[in-house]
Amino acid sequence: MVNRTPVIAVIGAGIAGLEAARQLSGLGYEPVLIEKAPAVGGHVAEWNRLFPDMAPAADLLQSLEAGTSGIRTHVDTEIASLGRLKDGYSLILSNGETLLCDAVLFATGFHLFDASRKEEYGYGIYDRVITNRDLEQWFNTRHDPRVGKPKAVGFVHCVGSRDVKAGNKQCSKVCCITAIKEAIEIKEEFPDAEVYCFYMDLRLFGKKYEDFYIRAQRDLGIHFIRGRVSEVGEAIDGRVVVKAEDTLSGKPVKVTLDLLVLMAGIVCNPDAQHYARELGVAVDEDGFLKSRDNLGAVIESSRPGVFFAGACTGAKTVPETLAEARSAALAIHQYFNKRR
Amino acid sequence: MMDFGFKLSPSSAVNLDTVDRARYDRLVQLVPDARTCIDCGSCSATCTAAPWSGMSVRKVLLGLQRGRDDEVDAMLSKCMLCGKCTMVCPRGINTRQLILTLCRLDRKGEVVR
Amino acid sequence: MRERFASHFDPFVIPFLVGMAFVLGYCLIAMIRVILQLPKEDRRRFLVSLITPKQIWINVRDIFLNCLIHVKLWQRNKMLGFMHSSIAFGWFMIILLGHLEVILFVPERIHLFYYPIFFNYFVAETEQTIQGSMLMFLMDFFLLMILSGIAIAIIKRFASRIVGMRRTTRLSLLDRVGLYSLWAIFPLRLLAESFTAHISGGSFLTIPANWIFRQFLGNDLYALPTWWAYSIALGVFMCVLPFTRYMHIPAEMLLIPMRNAGIRIRHPRKGFASLEVYSCPACGVCIDACPMSVLKVNCKDTTVYLNRQLRRGNERRIAEISDKCLLCGKCTAVCPVGVQGPELREAQRARRKYALSPSYAGINVRPMASAVAGGAGGASGGVLYFAGCMTQLTPSIRRATASLLDKAGVRWQMMDPDGGLCCGRPLMMAGRTEQARELIAKNLEIIRASGCDTLLLSCPICYKVFKEDYPLSDIRVVHHSVFFQELIASGQLKVRREEGHKLVWHDPCELGRGCGVYEEPRAALAAAGELVEAGKHHAESICCGGSLGSLSLGFEQRKAMTRNALDNLTVADPAEIVTGCPLCLATFVRAADRPVRDIAEILDTRS
Amino acid sequence: MIYQGKQKIWADYQKEIPDNHWFYVRSCIRQNFFPASEKYFLTICRDMLGRDIYETEHHTTCAGIAYHCDTIPQETAMTVVARQFALMTEAGYDSLVTSCITSFGNYTEILETWREFPELEAKIREQLWKACRREFEKPKYLAHASDLMYKLRGEIAERAQYRLVSRATGEPLRVVEHIGCHYSKMFPHKGVGGAEYPCVLSGMAEAWGGQVIDYPERRHCCGYGFRQYHVKANRGYSLSNTHKKFESMEPFHPDLILTNCPGCPYFLDRWQYVIAEMEGKTYGQNGYGIPALTYEELAGLVLGVDPWDLGLQVHQVAIEPLLDKIGIDYDPARKYLGMNEKKIKTPGLPTTLKCC
């Protein structure tokens, strides 16, 4: 180990990357952020407000960006190749630069499931079918002709999650609460609208999530129907006809909606898989990166010097991601301490 | 009309666009907690009247929202108001109030006078 | 002694006369109406009781003790007792003495209504005889007594805590007029009598006052106006009386003999119910007593407000108040008049119309009846134990009861081993009496088939209805706490006493106030450990909040009541809280900071 | 409706369809239902478009009906199908085209099963050998006849004498497509356009000038459902399914229904009469029904084949309003003439459904 400041390549400048970089630089290291997109922030940048306190996503990002202002950041930059060196790693970036680093932190996050792959829901085909991301964008911009002034709105949980045929048997963890959050926001925006949530199970594990649920039920009268939407058709007026089974009464139900929101799930990021293979880091059977140990070493990979933070190892909430980013920074710190 | 020896069978599907929820809507106006049911089924499992009418507060609430009024009334017909369901409800719904209120509503959701 | 005016009249008596005539006429008509509204058999029974010598004695005694002396108030609160009895008794005495004066001095004027009231205006120098000065002294004495009561009343109105009441009623406008005119009557009488004391005589109050006034004023010009004012105050008070809480004064005098004759509420608004409503003095004792009052929002749902709304005919509020109540009966227990809040409410509930009425006629109980047929072990007699719905949710009670019965060698069997029908009490509480009767008929079929001679209940809710509404005169209906106490007393059940293990007994509403069972469970517990008492106990015990009586109270509100009841139970820091009701048990267990157990469990672990 | 979204999906579900040299297997029931359809498929492909399509009188049922009616086990059906493959192999073909959707589904299912369980294929080969001393090659390409017609839609459009356009208004006709359930619902990648938005029929309709309309219940079964119709106790259920579809398409006012399955056009056609008699309700304009055509019949019509030669007189729903709308010439007098130009019997007219 030479006596220079260790350099850590942080792949992905979403909230995990930003927070980890901030912590690393605070610990005296030199993190370098590499972001594929033209701007930092990842998925959170596309979101409007965050549960459970309905804090604006922009506020969180602002504080994270402020904390990383002095850190070298490559945006709009892909990684052409990764290589292992004797004491570190080399990254060739799409801007031609070669980055030699002492450790790599995967903060590659997740991909939102491509809802058009669930063909029966008609995303990209029917005019009134949008995804959770589209709705958050609408909350941000108030501009999406598909939204209009709906009188009946449906939310389909588990789109691309817990669905072997969609290739994802895992639960995306945050969609239940996101659906309820968005349903509440829609109901507040359009108080006369009937709002339906079609769920398989409601997995409301986090702090205050159940309060959201009770509020949605009691105060806002949002209808919860236990049953997966089986198919969506388009009525003559362009509205969508949704069919599902109300499994609790054992009867099929049909409802015509002005807006159908698909809760696209969290799936693995194929880029992360690609980089992992290049570095010889194990990928789990669900496609997410494989932790050395799912209890005690979630943020460590199978290779020394390669660490994980956030949703690259599986679906995470924002606070979980931030906590992982911090613990990854600490793990990297200990890694260098040991090598010294 | 001609008899073919078979008939159109009515759809078992519930059309939420047209289903009449008047009774449910009035009920939740009077007993807002009724909306917080999570269909856990504790009430059905503990019900004293269940052996005689299949009574289940959970199904009553669901039936009201799905326009199955006859089933709802049949279930209510044997309720003895013993209050066990209220005791076991994890959401703290006052099921006795719910039932008594419901019994006072006609099919149109009006309180009978 | 001489009469001052040959005409025996002065216009100032007119306000009094008008008020008197109005109030007497009004009360007479109201009384006749109430009596006519009674069902025929009740009316007969009442009228017969009025001419039965023993009943007459009881009625006179009760009216004297309750209306004039306010014995119940004295027991609860000395200050309030003094306040009320000083005014009521003092006033009564002044009227009585006024009449005595007229009879003694001017017996020929006894037909003039106003003479006893304004005696000192019309008749002069009465204190110059021994009787006269004695009467004058007594007059002043009772006036002083009333004035002291009025003083306390004024203090109470502005600082109720000083007299030991946390909350009092909010008065309506007419109530205020009545109140202020009542307050005004006696100081005005003092003034009036004082102004005329140098002419008509007086005693230790009026003569010094007369002397002082004369120092300042030096003439009699003020005398007549004060008599006017006194008369007007009296007139105003009597004119508004029928429309204020003071209606309780005449109403209670009818209520007491009617209640003594055994009349019960049969109609939600008419007859005895309306009499109870008008007998409510709106003192507000029930507000502090009501377990719902832990939450301020519920204070206006107490019995005093029910009575007020019933008088006003505000149907929305009547329904709301009637549905909310836990029917714990504590308001009746503390009420100085004994207004039956729960019964009044049940009657309101029974009046309600339903679109849907359950019917249990189709339920086939034959399998259950044949399962218990022939009694325990095939012979007739023996104990039939009905656990009831709520005990299904507290299986520990059932197990302990069964174990104790076996230990005592009692021949017994279970009436509802796999669950049975409800006893009907919850339906009664909801005012659905007709339906309850159907259930009663079904349960009777099972009980009769068993051939038992004792019906044992571990749930006071069931106990009350089995005892009061089931025609079971040949079968003993008994609560398990009483039954086990008897077994302990007879030596059939041996219970080890654990010294120093403090147990507090929670009186369940339906068992204590509902059925009058207080001492047996305490005796049984004393055999098992060291019995301590709760802050409020016996008839004043505080409902656990879980009562089936309330139809509309939500879970969150009940929680606050449960906590309050637990605070009351734990003042003596008992090791365990013991109760005899599965509903109380289930309610307390959720919120208690120490073990809560049924009496059967305690006895079972100690035997 | 976002058309580009559909195109994106279609791009994912394209199958390879050689455009010549096919071994053709007929349907068991189509020749009774719509006798001219199969004949004109061959006529159009061979005579008009010059393709080589071979068929043999030795082929039998594929046993799909019996299989779906639960009367024979799948292995039996496999052996029957193996024999058809043997016939194809013996005739020197390696592409098999079926007339029937259930056959297509049956063949596909069997080939897929063999791919998963090769030991089963070996067993069937042995059974076939024991039964009739035949051997077979598996077809290299398997297509439904509508796949082939889809492939040839452009050539047909070039030769078309009529377009699916209203002569009076110039507006395209509103076409409802109905795909047989066994076409791609079991194996979406084996159908053109997949299972959710198949384009095999919509492609033809659009190529020939029509406008395809989607309606909410377009995925729903026609109601035939084998066990539903064949068991009389279930027949009301069969009818109810069809009824549901018509109720759903009614607001769209379709001019015709285009189908590619033996049963579908039959039930979508005949049940209209039954519904009219039972409920007094008709779904076409002016008391007529909505014509339900096979793709061969529609191809024949646009190519200018005489409607009566195409067998359109055996439809329950009168075809004349559609012919008039497109402007196809026809001679009403020839409607009920037999092959020998002699009058065959004229059917009685229903009471509610308007017919010509």
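The sequence lines fix the lettering, A, B, ..., with proteins before strands; numbering per chain opens at 1.
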Short donor-acceptor contacts under 3.5 Å linking chain B with chain A:
| from | atom 1 | to | atom 2 | distance (Å) |
| --- | --- | --- | --- | --- |
| B/V14 | N | A/P252 | O | 2.7 |
| B/V14 | O | A/K254 | N | 2.8 |
| B/L16 | N | A/K254 | O | 2.7 |
| B/D17 | OD1 | A/T256 | N | 2.7 |
| B/D17 | OD2 | A/T256 | N | 3.1 |
| B/D17 | OD2 | A/T256 | OG1 | 2.2 |
| B/R21 | NH2 | A/Y196 | OH | 3.2 |
| B/D33 | OD1 | A/R218 | NH1 | 2.9 |
| B/R35 | O | A/Q217 | NE2 | 3.4 |
| B/R35 | NH1 | A/R218 | O | 3.0 |
| B/C37 | O | A/Q217 | NE2 | 2.9 |
| B/R58 | NH1 | A/L248 | O | 3.4 |
| B/R66 | NE | A/D246 | OD2 | 2.7 |
| B/R66 | NH2 | A/D246 | OD2 | 3.4 |
| B/R91 | NH1 | A/Q217 | OE1 | 2.5 |
| B/R91 | NH2 | A/E210 | OE2 | 2.2 |

message: If we check side chain to side chain contact (heavy atoms under 4.5 Å, CB included) with B/V14, which of these qualifies: A/V253, A/I225, A/V255?
response: A/V253
query: What parts of residues 76-90 of chain B touch chain A if we use heavy atoms and a cut-off under 4.5 Å?
result: none
